[in-house]
Chemist: 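Sharing a structure, written as structure tokens. Questions coming.
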2 protein chains.
Amino acid sequence: MARSCNFDRQEKLILAMELFWQKGFAETSISDLVGHLGINRFSLYNSFGDKQKLYRECLSFYLDNYSFGASDTLLHEKAGLVEIEAYLARFVALQREQKYGCFMQNAVLEKSLDDESVLQECQRLFCRLQTSFTQVLQDCQARGELLVNVQPHQVAAFLVLQLQGIRVLGKAGEYELLDNAFAVLQGYLGTLNTKV
Amino acid sequence: MARSCNFDRQEKLILAMELFWQKGFAETSISDLVGHLGINRFSLYNSFGDKQKLYRECLSFYLDNYSFGASDTLLHEKAGLVEIEAYLARFVALQREQKYGCFMQNAVLEKSLDDESVLQECQRLFCRLQTSFTQVLQDCQARGELLVNVQPHQVAAFLVLQLQGIRVLGKAGEYELLDNAFAVLQGYLGTLNTKV
DNA sequence: ATCATTCTTGACTGATCGTTTAGATATGGC
DNA sequence: GCCATATCTAAACGATCAGTCAAGAATGAT
């Protein structure tokens, strides 16, 4: 056989993702990547194909490993309105830490128009988010915790929209606006609860 | 004196804005601009300074002339919850037409991190939006149309967040998600009304 | 009509872009 | 140890990038 690769591919993929996440596709040059990843130019091409392919792979990795990270609260069986509210609260708080915003959202705004596959990947996340929220809300309703006239899939869509809005205001550093908006959102979620 | 400029500066500024709006800062080259504006490379530099300056001027022009375009409904004196709802409905509908999203939002996500003045311009719009909504809601409350326990500036912040979320989902082509989310938003606005 | 001034033009700068090539180096099976 | 194979390295590719320059063309006051 032959010589084996002397770096960890996934480790380098994560480094590339970080760079694209921070700087976007266009503003990240191959030279930037070479420097940040610490591997040779050709090795980068050999391992990941061209810039587009690497970007797409980074996006996929982000979607599978970073995007819905705070969702443990939502996925356990007995999750309800309280958990949704806690999830959103943590998501709002997260904006003060993640200065670079959301890689997926950055990708939608920068590249969805000229790269169909990027758009599809992002839509896949929206679908996944809506499905998760819908599931939790349906369970709530089954347990009698959620008003019967509420449509789970509609509220789920509404929550997905909230996440996107929060991300934008977070990237813009509009933390006070965020806190005020979240107070209203909290109030709304309260009105859905049968127990109050 | 001397020779006068043989093109309309503002007309060319609008053309530049369109291009930056569609393609973003990084993906728009000076050559692209030269082609789209139909003026010479040097004339462009002579009239608008460098690429950064031109971009910033385009952003300012957008903020002053395009961003709050559908706001006529909100600015007249007797505007209330019905007008806010109508404004949001039109804003949702607008997403199916404006494929390139919001120039300001694109700017926030692409350039706010490495250009402080871009960030400030965008924050200026957020402030303006919140102020307008707050004014309308305060007037509502004064007329007894809005529940007294509602905080106008908080709901205004909430509405600004909705606009941003709508824009993101619009750019992602998530029209069904948008419609479902809007239905919920509509329902929420209804609960604020004293008349119902 | 003259002339200073300003705009227009197209070629040009050095730098950087994404990508590729050829040759040196290391690996694993025999 | 040897060979086949794959990876690594440095240099280079043509193209394009943002920005500039010198020379010609048009203007308006005199």
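Letters go in sequence order (proteins before strands), and every chain restarts at 1. All figures in this text were calculated on a predicted structure; none of them were measured in a lab.
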Chemist: CG of B:Leu54 versus P of D:dG19: gap in Å, rounded?
Modeler: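 Spelled out: CG on B:Leu54 to P on D:dG19 is 10 Å.
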Chemist: What residues in residues 107-117 of chain A put a non-hydrogen atom under 4.0 Å from any atom of DNA chain C?
Modeler: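 Those residues: none at all.
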Chemist: So, do A:Gln141 and A:Leu137 sit near enough that their side-chain heavy atoms are less than 4.5 Å apart?
Modeler: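 The answer is no; the side chains never approach within 4.5 Å.
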Chemist: So, taking the atom named CG in A:Asn193 and the one named CG in A:Leu189, what distance separates them when rounded to the nearest 0.5 Å?
Modeler: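 Going from CG on A:Asn193 over to CG on A:Leu189, the span is 9.5 Å.
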Chemist: With a 4.5 Å heavy-atom cut-off, do A:Val155 and A:Tyr188 have their side chains touching?
Modeler: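 With C-beta onward as the side chain, the pair touches.
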Chemist: What integer distance in Å separates A:Arg9:CZ from D:dT7:P?
Modeler: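 It is 11 Å, rounded to the nearest whole Å.
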Chemist: Salt-bridge test for A:Lys23 and B:Asp114: reply yes if a basic N is under 4.0 Å from a carboxylate O, no otherwise.
Modeler: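 Between B:Asp114 and A:Lys23 there is no salt bridge, as every charged N stays at least 4.0 Å from the carboxylate O atoms.
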Chemist: Decide yes or no for B:Ile39 and B:Val34: does some side-chain heavy atom of the first lie under 4.5 Å from some side-chain heavy atom of the second?
Modeler: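 When only atoms from C-beta onward are counted, B:Val34 and B:Ile39 do not touch, as no gap falls below 4.5 Å.
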Chemist: With A:Leu54 as reference, evaluate A:Phe48, A:Tyr45, A:Phe25 under the side-chain contact (heavy atoms from CB on, under 4.5 Å) test and give the passing residue.
Modeler: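 Checked A:Phe48, A:Tyr45, A:Phe25 against A:Leu54; only one passes side-chain contact (heavy atoms from CB on, under 4.5 Å): A:Phe48.
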Chemist: Using a heavy-atom distance cut-off of less than 4.0 Å, which residues of residues 32-46 of chain B contact DNA chain D?
Modeler: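 Per residue number, the list reads B:Arg41, B:Phe42, B:Tyr45.
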Chemist: Evaluate B:Val150 against B:Cys140 for side-chain contact (heavy atoms from CB on, under 4.5 Å), listing each step before the verdict.
Modeler: CA-CA 11 Å; B:Val150 168; B:Cys140 280; over 6 Å; no
Chemist: OP1 or OP2 of C:dT6 less than 4.0 angstrom from a side-chain nitrogen or oxygen of B:Ser4, does that happen here?
Modeler: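 Answer no for this pair, as no side-chain N or O of B:Ser4 is under 4.0 Å from OP1 or OP2.
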Chemist: Answer yes or no: is there an ion pair linking B:Lys111 with A:Glu27, defined by an N-O contact shorter than 4.0 Å?
Modeler: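 No salt bridge links B:Lys111 with A:Glu27.
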Chemist: Taking the six-membered ring where the residue is Trp, are the ring centres of A:Phe103 and A:Tyr55 under 6.0 Å apart?
Modeler: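 For A:Phe103 and A:Tyr55, the ring centres are under 6.0 Å apart.
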Chemist: With nearest nucleotide decided by heavy atoms, which residue, A:Phe7 or B:Asp50, maps closer to the 5′ end of DNA chain D?
Modeler: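 Upstream on the strand: A:Phe7.
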Chemist: Would A:Phe126 and A:Met104 satisfy side-chain contact (heavy atoms from CB on, under 4.5 Å), going step by step from the backbone distance to the final call?
Modeler: CA-CA 10 Å; A:Phe126 288 130; A:Met104 187 275 305; 4.0 Å; yes
Chemist: What residues from residues 14-30 of chain A pass a heavy-atom cutoff of under 4.0 Å to DNA chain D?
Modeler: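 When residues 14-30 of chain A is checked for heavy atoms under 4.0 Å from DNA chain D, there are no hits whatsoever.
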